[in-house]
Amino acid sequence: MTIEEQLRFLKRNTTHIVDEQELLDKLKSGKKLRIKLGVDPTASHVTLGWAVVFRKLRDFQRLGHQACLIIGNFTAQIGDPSGKSKTRPQLTTEQVKEYADSVLDQIFKILDKDKTEVYFNGEWLDNMKLADFIRLASKVTVARILERDDFKNRLKEEKPISLHEIIYPMCQAYDSVELKADVELGGNDQLFNNLLGRTLMTQFSMEGQSVMLCPLLVGTDGKEKMSQSLGNYIGITEEPNEMFGKAMSIPDDIIINWMELTTDISPEEIEKYKTALEKNEINPRDAKLYLAKSLVSVYHGSEAGEKAEQYFIDTFSARKGPTDVEEVTLPGSCLTENGVDIVSLLLELKFADSRGSAKRLIQSGAVSIEGNKITDLYTQENIKDKVLKVGKHRFCKLVAH
RNA sequence: GGGGAGUUGCCCGAGCGGCCAAUGGGAGCAGACUGUAAAUCUGCCGGCGGAAGCCUACGUAGGUUCGAAUCCUUCACUCCCCA
């Protein structure tokens, strides 16, 4: 690839590059660039949303540049206010540690582990002296920070802004100084934070990092940004069938966007789907099936993609019920003299949160065995080795111990 | 430091002494329908109980009252204005 081709390749799925010419020059220099990507371990799963940026980092990695991953174990405890209309809950050190382990585990499904430098920003932020910290703080003005929409809006809406939130961007910016980053990647909501890093670096007599931002992936609800706390996410380690099903639930108008951001489908092919959809030459469902299959293939291989598609078609389109169902041992606690206590069973299998909700599920006709709806709230006979179905998509086969 | 407003279920937000487990909206769950887990319509939506009922809940702790989410006091937290 020529340098120009490389740039074009890197520019795919980005929203901002500051500054493009500067980045081109850096690429031309032939230097192995240090590409920074910081993530705060505030949740246990790596979602497809995060994956968009990780995949971009991997692109750089494939071009021979140095991936520098920062796990924000310090900043996670402050809480990034970006795009938030309220203060994040403060996480404990233990929680952050737990999330960090979990996240690191998953990230290397995308990145090449051997070619990634991993840092924890607690390494330098934990031990910073207050005097140094204040000197750092003198480089940033309050007005600059309050320019940010999320702060401005909260101020206007009379919602609280705590001092620690104002400090957040500075800490993240300082990471770039420590890392001597050439380029920082981030989600679209990180523009302010990343630019602050760029500015701060020059104050430390370094060349400022270039900034490259990726679009935020819309969640499965088609409205909000994908996030674990909103529950509209798909985790990259989720089971194929789960992943497939969730992908099928997205609204039609984000199909193309998801193809671009979450799969390895080529730009040319995506373009074909796009025009076909616009001209109504294709059923959106089929485009979505292809999307879902491609998505599963990215994380589980193409064979798993095929299987998940088949499972989906069998289970939901043809309403046949799944072909191979997870087998679950009947818990002894649910057995009664006459058979099985269904309410306890639903509770035991975590299909319901309480006995009351289990009863409600049964009463609303959501529970069936081998296709026969259950109407009796209580004991059921002969349910061993049969398929229990709860709602539209939860199945299991009951096996006696 | 002074003055004012506020804190209700997962979220937003009514209620201002009994009819309040608490209106309404959103989210969620389920049913029907559908190419789809979309849209729409319907039902459910604190816990325990086959039911009667009981328990827990309206920031915290007390108090007034036969009876409080609703009145009084305390404390905590948030916001606004002034200094």
Gap in Å between the two [atom1] atoms, one belonging to [N] and one to [M], rounded:
N	M	atom1	answer
A21(B)	C16(B)	P	15 Å
U64(B)	C12(B)	C1'	33 Å
G31(B)	G50(B)	C1'	23 Å
U23(B)	G15(B)	P	13 Å
C19(B)	C81(B)	P	40 Å
G28(B)	U8(B)	P	22 Å
C20(B)	C33(B)	C1'	36 Å
G46(B)	U42(B)	C1'	23 Å

Toward the 5' end of RNA chain B, by each residue's nearest nucleotide, Leu347(A) or Gly365(A):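 With Gly365(A) and Leu347(A) compared, the 5'-side residue is Gly365(A).
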
On RNA chain B, does the nearest nucleotide to Ser249(A) precede the nearest nucleotide to Ser354(A) from the 5' side, or the other way round? Give the residue.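 With Ser249(A) and Ser354(A) compared, the 5'-side residue is Ser249(A).
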
Taking it one step at a time, do Arg148(A) and Glu165(A) satisfy salt bridge (charged side-chain N to carboxylate O under 4.0 Å, His left out)? CA-CA 12 Å; Arg148(A) 292 182 41 163; Glu165(A) 298 180 84; over 6 Å; no

Please state how far atom [atom1] in [X] lies from atom [atom2] in [N], giving the value in whole angstrom units.
X	N	atom1	atom2	value
Asp221(A)	G26(B)	CG	P	15 Å
Asp353(A)	C29(B)	CG	C1'	10 Å
Lys373(A)	G31(B)	NZ	C1'	7 Å
Ile161(A)	C80(B)	CD1	P	9 Å
Phe351(A)	C44(B)	CZ	P	24 Å
Tyr233(A)	A27(B)	OH	P	19 Å
Asn232(A)	C10(B)	CG	C1'	15 Å
Asp286(A)	G35(B)	CG	P	12 Å

Residue [X], side-chain heavy atoms: nucleotide from [options] that is nearest:
X	options	result
Asp252(A)	G49(B), A37(B), U36(B)	U36(B)
Arg360(A)	G35(B), U78(B), C44(B)	C44(B)
Pro284(A)	G35(B), G31(B), U78(B)	G35(B)
Lys359(A)	A30(B), G49(B), C79(B)	G49(B)
Arg355(A)	C48(B), A30(B), G31(B)	C48(B)
Phe312(A)	G49(B), A37(B), G31(B)	A37(B)

Closer than 3.5 angstrom, by distance alone: can the side chain of Lys28(A) be matched with the main-chain N or O of Glu4(A) as a donor-acceptor pair?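 Side chain of Lys28(A) to backbone of Glu4(A): no pair is present.
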
Between Gln66(A) and Leu33(A), is there a donor-acceptor pair closer than 3.5 Å when you use the side chain of the first and the backbone of the second?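 It does not hold such a pair.
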
Can you check whether Arg394(A) has a side-chain N or O nearer than 4.0 Å to OP1 or OP2 of A30(B)?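 Affirmative; the distance criterion is met.
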
Report yes if a side-chain nitrogen or oxygen of Lys392(A) is closer than 4.0 Å to either non-bridging phosphate oxygen (OP1 or OP2) of G31(B); otherwise report no.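 Looking at the OP1 and OP2 atoms of G31(B), one of them is under 4.0 Å from a side-chain N or O of Lys392(A).
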
For [N], the Watson-Crick or wobble partner whose two distances fall under 3.5 Å:
N	result
G1(B)	C82(B)
A76(B)	U7(B)
G35(B)	none
C29(B)	G43(B)
C20(B)	none
G49(B)	none

Go through His164(A) and Tyr168(A) one step at a time and tell me if the side chain to side chain contact (heavy atoms under 4.5 Å, CB included) criterion holds. CA-CA 7 Å; His164(A) 72 280; Tyr168(A) 181 94; over 6 Å; no

At 4.0 Å (heavy atoms only), tell me whether Lys246(A) reaches a base, stays on the sugar-phosphate, or touches nothing.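 The answer is nothing, as Lys246(A) stays clear of every strand by at least 4.0 Å.
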
Under 4.0 Å, heavy atoms only, any strand: does Gly245(A) hit a base, just the sugar-phosphate, or nothing?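 The answer is base, as Gly245(A) lies within the cut-off (heavy atoms under 4.0 Å) of a base atom.
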
Given the ring of Phe54(A), does Lys109(A) sit roughly above its face, with NZ or CZ under 6.0 Å from the centre of the six-membered ring and within 45° of the axis?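 Negative - Lys109(A) is either too far from the ring of Phe54(A) or too far off its axis.
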
Cation-pi, Tyr233(A) ring and Lys246(A) (6.0 angstrom, 45 degrees):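 That pair qualifies as a cation-pi contact.
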
Can Glu98(A) and Ser102(A) be counted as having a side-chain donor-acceptor contact under 3.5 angstrom?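 Per modelled atom types, Glu98(A) and Ser102(A) side chains form no pair under 3.5 Å.
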
Are side-chain N/O atoms of Asp40(A) and Gln77(A) paired as donor and acceptor at under 3.5 Å?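 The answer is no; no qualifying pair exists.
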
